[in-house]
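To start, the structure itself, in structure tokens.
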Amino acid sequence: MGKGGSLSDSVLKKILLSYTYVAIWIFLSFTVIVYNKYILDKKMYNWPFPISLTMIHMSFCATLAILLIKVFKFVEPVSMSRDVYLKSVVPIGALYSLSLWLSNSAYIYLSVSFIQMLKALMPVAVYSIGVLLKKESFKSNTMANMISISVGVGIAAYGEARFDTWGVILQLGAVAFEATRLVMIQILLTSKGITLNPITSLYYVAPCCLAFLSIPWIFVEYPVLKESSSFHFDFVIFGTNSLCAFALNLAVFLLVGKTSALTMNVAGVVKDWLLIAFSWSVIKDTVTPINLFGYGLAFLGVAYYNHAKLQALKAKEAQKKAQQADEEAGRLLEGREGEGNTKRTESED
């Protein structure tokens, strides 16, 4: 009884801990998105400089990542040659900087709710780019599911009250660059046996992101900031915003490390619905029934895609275990045959 009680207590603690990590990640992801919208939106804080904001984030995150790795030894750095860094990490940094720049720019033109709806296209982009780069095999049923997600997002866009073509182009560009980055991580890093957690990822990627972003910043935003003499750096606003962005990366590290990437995908769906509700009720963005119907259709497609991926993962794991069991049985059989041969040799002697 005592043993059973202690077992159920430990299981309960693990479940509660998992839910705590999920809740922290949802809260921080939610906060960063709403905070970025608040800073960049012309009707709110009115600081429409997405490159500058992204550079502030990258500077802050790179500094903290260096301190956590080099000074506090919180995580071990990955051993990486200069050649691997230049050929693998730098292209990923370039894609990440473009993805962040465009996604932050979209907040100036689009509502939070509509941006979340457009982000539902991420699995479509990842799968399509994966097929093009031969990392995914083409399957007609998966492509049909991708089309259903795209149709759902199309319906949501049709029903958008504050539709802005330039904002949609920016957000779709951000999705395309982020999807390419995710596929390139598999090609350039995972295939070479290099795995980066969110902290080591920031340690290696944030500095080159900063370098890439500084090029458009000099030509696009720096002249405007230079002219606006009234601007003063608000340490409270930008400091807390950057801290939330870094805390979100730590939360990803905890959530994926202690649960799974699939848990994060499911949590992401919950976060998207919460953001849509918040955008409608608090920010007073218009969310139409056509919006919700379209996003609901896309949501079902994304949920099915995640379910199919989980089933494929389970099948792969089961196959791996069966293979290991067969190998173990083969070794045992060889061992017994070896023992039998030894005994026969001894009896003949």
Side-chain angles (χ1 to χ4, degrees), residues 32-33 35-67 70 80 82-110 115 164-182 184-185 188 196 198 200-246 248-249:
V32 168
I33 289 167
Y35 211 158
N36 286 354
K37 172 69 175 173
Y38 168 75
I39 291 169
L40 295 163
D41 198 303
K42 290 174 184 176
K43 293 176 186 173
M44 297 180 192
Y45 189 75
N46 190 23
W47 199 70
F49 300 102
I51 307 173
S52 302
L53 183 65
T54 310
M55 286 176 76
I56 291 164
H57 287 173
M58 289 296 107
S59 305
F60 188 86
C61 290
T63 305
L64 280 185
I66 290 163
L67 285 172
K70 290 291 185 184
M80 194 184 295
R82 182 179 288 184
D83 187 57
V84 170
Y85 182 81
L86 291 171
K87 288 180 180 176
S88 301
V89 176
V90 171
I92 288 164
L95 290 165
Y96 193 39
S97 60
L98 286 164
S99 165
L100 290 171
W101 172 17
L102 297 184
S103 63
N104 279 335
S105 298
Y107 287 115
I108 300 167
Y109 305 96
L110 303 174
I115 285 171
D164 185 284
T165 306
W166 180 238
V168 171
I169 289 166
L170 288 169
Q171 186 54 48
L172 292 179
V175 168
F177 282 121
E178 180 61 11
T180 309
R181 183 184 77 90
L182 294 171
M184 292 307 283
I185 285 171
L188 298 174
L196 299 175
T200 50
S201 188
L202 284 173
Y203 176 75
Y204 289 109
V205 174
C208 63
C209 264
L210 201 57
F212 280 116
L213 287 167
S214 64
I215 300 162
W217 180 77
I218 289 165
F219 298 103
V220 178
E221 292 184 6
Y222 175 68
V224 184
L225 283 165
K226 198 179 177 183
E227 288 299 312
S228 59
S229 54
S230 60
F231 172 71
H232 69 281
F233 190 83
D234 192 328
F235 283 96
V236 175
I237 291 287
F238 295 110
T240 51
N241 180 245
S242 298
L243 191 62
C244 287
F246 185 78
L248 177 60
N249 279 283

Subject >> Stepwise side-chain contact (heavy atoms from CB on, under 4.5 Å) check, Y204 with I92 >> reply: CA-CA 10 Å; Y204 289 109; I92 288 164; over 6 Å; no
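- S99 places no side-chain N or O within 3.5 Å of a backbone atom of L95 that could act as its donor or acceptor partner.
- Annotation: Y222, atom OH; neighbour count of heavy atoms from other residues, nucleotides and ligands within 6.0 Å does not exceed 12.
- To the nearest 0.5 angstrom, H57 atom NE2 is 9.5 Å from L100 atom CG.
- Distance CG/L64 to OG/S59: 11.0 Å, rounded to 0.5 Å.
- Proximity of a side-chain donor or acceptor of T200 to a complementary backbone N or O of L196 within less than 3.5 Å is not detected.
- What you find for P216 and I51 is that their closest heavy atoms are CB-CD1, 4.0 Å.
- Side-chain atoms of S242 do not come within 3.5 Å of backbone N or O of G239 as any donor-acceptor pair.
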**OP:** Under the side-chain contact (heavy atoms from CB on, under 4.5 Å) rule, what do N241 and L53 come out as? Steps first, then yes or no, please.
**Re:** CA-CA 9 Å; N241 180 245; L53 183 65; 3.5 Å; yes
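- Across F212 and G93, no two heavy atoms sit closer than the pair CD1-C, 4.1 Å.
- Interatomic distance, L40 CG to Y107 OH, rounded to the nearest 0.5 Å: 9.0 Å.
- Of all the heavy atoms in A106 and L170, the pair that sits closest is N-CD1, 4.2 Å.
- Note that CD1 of I66 and SG of C61 are 11.0 Å apart. Values are rounded to the nearest 0.5 Å.
- With rounding to the nearest 0.5 angstrom, the NZ atom of K37 is 9.0 Å from the CD1 atom of I108.
- Atom OG1 in T165 sits 9.5 Å away from atom CG in L110 (nearest 0.5 Å).
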**OP:** Quick one: do V205 and R181 satisfy side-chain contact (heavy atoms from CB on, under 4.5 Å)? Show the steps, please.
**Re:** CA-CA 12 Å; V205 174; R181 183 184 77 90; over 6 Å; no
**OP:** Carefully, step by step, assess Y109 and Q171 under the rule side-chain contact (heavy atoms from CB on, under 4.5 Å).
**Re:** CA-CA 10 Å; Y109 305 96; Q171 186 54 48; over 6 Å; no
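- The minimum heavy-atom distance linking S52 with E221 is given by the pair OG-OE1, 2.6 Å.
- Considering all non-hydrogen atoms of both residues, Y96 and E178 come closest at CD1-OE1, 4.0 Å.
- For W217 against P223, the heavy-atom pair with the smallest separation is O-CD, 4.3 Å.
- Between F238 and the options F60, F49, W47, a ring pair (Phe, Tyr, Trp, His ring centres under 6.0 Å) holds for only W47.
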